[in-house]
Amino acid sequence: MEADIFKDIIVPVIGGLGIFMLGLEFMANGIQALSVNRMREWLARIAGTPAKGVIAGTLITGVIQSSTAMTVMVVGLVNAGVIALRPAISVIMGANIGTTLGNGLIALPLGPLGLLLGGIFALVYVFAKSEKIRNIALACMGFALIFYGLNLMTGGLRPLRGMPEVMSIISGLHAESFVGLVVCILIAALITALIHSSSATIGIVMGLGAAGVLDWQTAVAFSLGADRGTTITSWMASLNLSKNAKRAAYAHMSFNFIGVAVMIILFFPAIEILKFAMGWFGGDPGVPVMVGGKETFPLVPVAVGLFSTAFNVFNTVLLFPFVGVFEQVLSRIGRTAAEDIEDYSVPKYLKRELTSDFTNSVNAVQQETLRHLNAGALFLDIARGVKTAPSDPGEHYVATDILSRDIRSFSAALFKDSMPYDQQDLVGSLIEEADFSASLAETLHQVARRVKREKFTADAEKVVTAALTRLEFRLREILPDFGVPNPAVPTGHVKLNSVEELREKALLLGPQVSSGERGAILALLGSIERAELLIRRIDAERQSVNRAEVIARAKATMTKPDRRPDIDGSFNPAPAE
């Protein structure tokens, strides 16, 4: 029966692609909205180092039997900011090994299961009352839809595999020369890119080889091309995501490309080694066995599976020492000046081992809180359009919010049952200051958004500039090094408009200023009033407890035998890894 190209190919391919991309978006949003700190710590235990990343990628992919799904998930986690580029590269390396551990399990009904789970989690998301449960359901629904979308795309392209023209091309290929080898690899890469599964391609190749349609050496060459073609899905998944997510996909592509390029050079020696190794797995795969009066080659699938596994292990061993080089090179791709801005989502001074040292941990919290305030102050640079400022206010706010949660979590861990009241009072003060700082960052985010989304005329721009200048000077009360430089004239000669004066100026703007601009300015002034209130509250909180005196008493009560240095032998907070 001839396939209907529109109904059987175009519709499921486009529909599957849309569902696939939507699932990726849902998964990333759900993960981001969950407890990012706990998720990051959990993944750090699994993939915190390149070696652990390879092991995690191998085991997880070995269970789900899809390097495509695994690499897509890794790209999504990188986009959500849960894992960094370096461990993501190592996880992808392990995923290539994991997918070869069960090439016989290529017909798992993941598509229908994805649709079923997607529907279940969609119902949970709609009817759940708890925000946490809704976010978990959103992430799970996204992951399920990824499987279903891939299944739709695969089903839409499956009719191509049954077309005689396609099969005649495949059966006419031979990998007896370098040219033939390269052609086989390219054809297999194209087929894998179409069906989005290297395991499925290898399964087809095993069947063709066992039936004698392909000679065993050509079948092995096709399996090599399948590893190259599987990278297309992770690249597609990264098209609308962050630059780091794109770089994770590029890592997958470059890793497989380099491995295949090296193996093309070593292919014919590798075939000789494979012939020797097959002596332990049944003998020569090119010797036919008569079954039902027909020649079959049952050892071809064994040879293909053995070569595929050996290749991916070899490729990982070969390139694993260069994980750092991959990260350095890929981090420069598409890099802009804005990306050189410090990553405020990662704590710089907080280290868990410091929680047993009260004085150093307090010092670390104070430095990290000050760093968080500096991150919040960057919203004013965003509002002013400074070129070196973060380009996306939303992404920068997410980073400050993550850092704020880290500070509160670290500070709460300082409470001890035997802690004196004055030390408990100090820790409580630190937590309150961090909370006010988080509220200030949120308010400054509102300021940046309100300025960026409205186009002001020249007269209205003057009022906005005066308002931002006032806020900059107020920030100097808690951030002495931030804001407008100290004027050359005495402070008393600097005239700052009050909020009431700025509001009056906004109301008296001429008819050339639209009502929308007036409304935006008044809303901006409201945010500035809230920011000034929070600035005063932060300053008052710092004065509410004599922190220096409490720390001095804590030092005095410490005995030398009980004093424990940090891992590096010093008592100064060091940047966290």
Side-chain angles (χ1 to χ4, degrees), residues 67-68 71 92-93 96-97 99-100 103 157 160-161 163-236 249-275 277-278 285-286 297 300-301 303-319 322 326:
S67 63
T68 298
T71 52
I92 289 171
M93 287 182 173
N96 282 354
I97 299 176
T99 194
T100 65
N103 279 326
L157 292 166
L160 296 178
R161 302 188 337 228
M163 293 181 176
E165 296 84 356
V166 176
M167 298 308 296
S168 64
I169 292 174
I170 294 176
S171 61
L173 295 171
H174 296 281
E176 297 175 350
S177 64
F178 275 108
V179 175
L181 172 63
V182 172
V183 171
C184 290
I185 290 174
L186 292 177
I187 293 292
L190 178 61
I191 294 173
T192 306
L194 290 175
I195 65 177
H196 303 285
S197 175
S198 60
S199 293
T201 301
I202 291 174
I204 295 170
V205 169
M206 287 178 176
L208 293 173
V213 177
L214 292 177
D215 66 83
W216 77 275
Q217 185 169 316
T218 304
V220 169
F222 265 73
S223 71
L224 190 60
D227 285 296
R228 184 70 188 93
T230 191
T231 62
I232 191 67
T233 306
S234 58
W235 173 75
M236 287 168 51
Y250 295 155
H252 187 208
M253 296 172 67
S254 58
F255 173 72
N256 281 21
F257 180 83
I258 293 172
V260 170
V262 171
M263 189 50 63
I264 287 175
I265 299 173
L266 302 176
F267 182 77
F268 296 107
I271 287 294
E272 296 302 319
I273 296 175
L274 181 59
K275 287 180 181 177
M278 283 299 296
F297 298 82
V300 172
V304 171
L306 182 61
F307 179 86
S308 180
T309 301
F311 163 70
N312 282 286
V313 172
F314 168 78
N315 195 22
T316 300
V317 172
L318 177 68
L319 297 179
F322 302 100
F326 271 86

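Numbering starts at 1 and runs along the sequence shown.
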### Message
Show every salt bridge (charged side-chain N to carboxylate O under 4.0 Å, His left out) that has at least one partner inside residues 255-272, sequence neighbours left out.
### Response
E272-K275
### Query
Measuring from T218:OG1 to I187:CD1, what's the distance to the nearest 0.5 Å?
12.5 Å
### Heavy-atom closest pair, residues M278 and L306
SD-CD2, 4.2 Å
### Message
So, using side chain to side chain contact (heavy atoms under 4.5 Å, CB included) as the criterion, who are the partners of L186 when residues are at least two apart?
### Response
V182
### Task
Output the distance between atom CZ (F326) and atom CG (L319), rounded to the nearest 0.5 Å.
4.5 Å
### Task
State, to 0.1 Å, how close N315 and N256 come at their nearest heavy-atom pair, and which atoms those are.
ND2-CA, 4.4 Å
### Task
Drop me the distance from L190's CG to I185's CD1, to the nearest 0.5 angstrom.
14.0 Å
### Least distance between heavy atoms, A270 atom then M263 atom
CB-SD, 4.0 Å
### Message
Any heavy-atom pair between the side chains of F307 and Q217 that's under 4.5 Å?
### Response
no
#### Entry: pair F322-I258: side-chain heavy atoms closer than 4.5 Å
no
### Distance-minimising heavy-atom pair for S223 and V304
CB-CG1, 3.7 Å
### Task
With sequence neighbours left out, write down each residue that passes side chain to side chain contact (heavy atoms under 4.5 Å, CB included) with A221, or none if nothing qualifies.
A175, L181, C184, F267
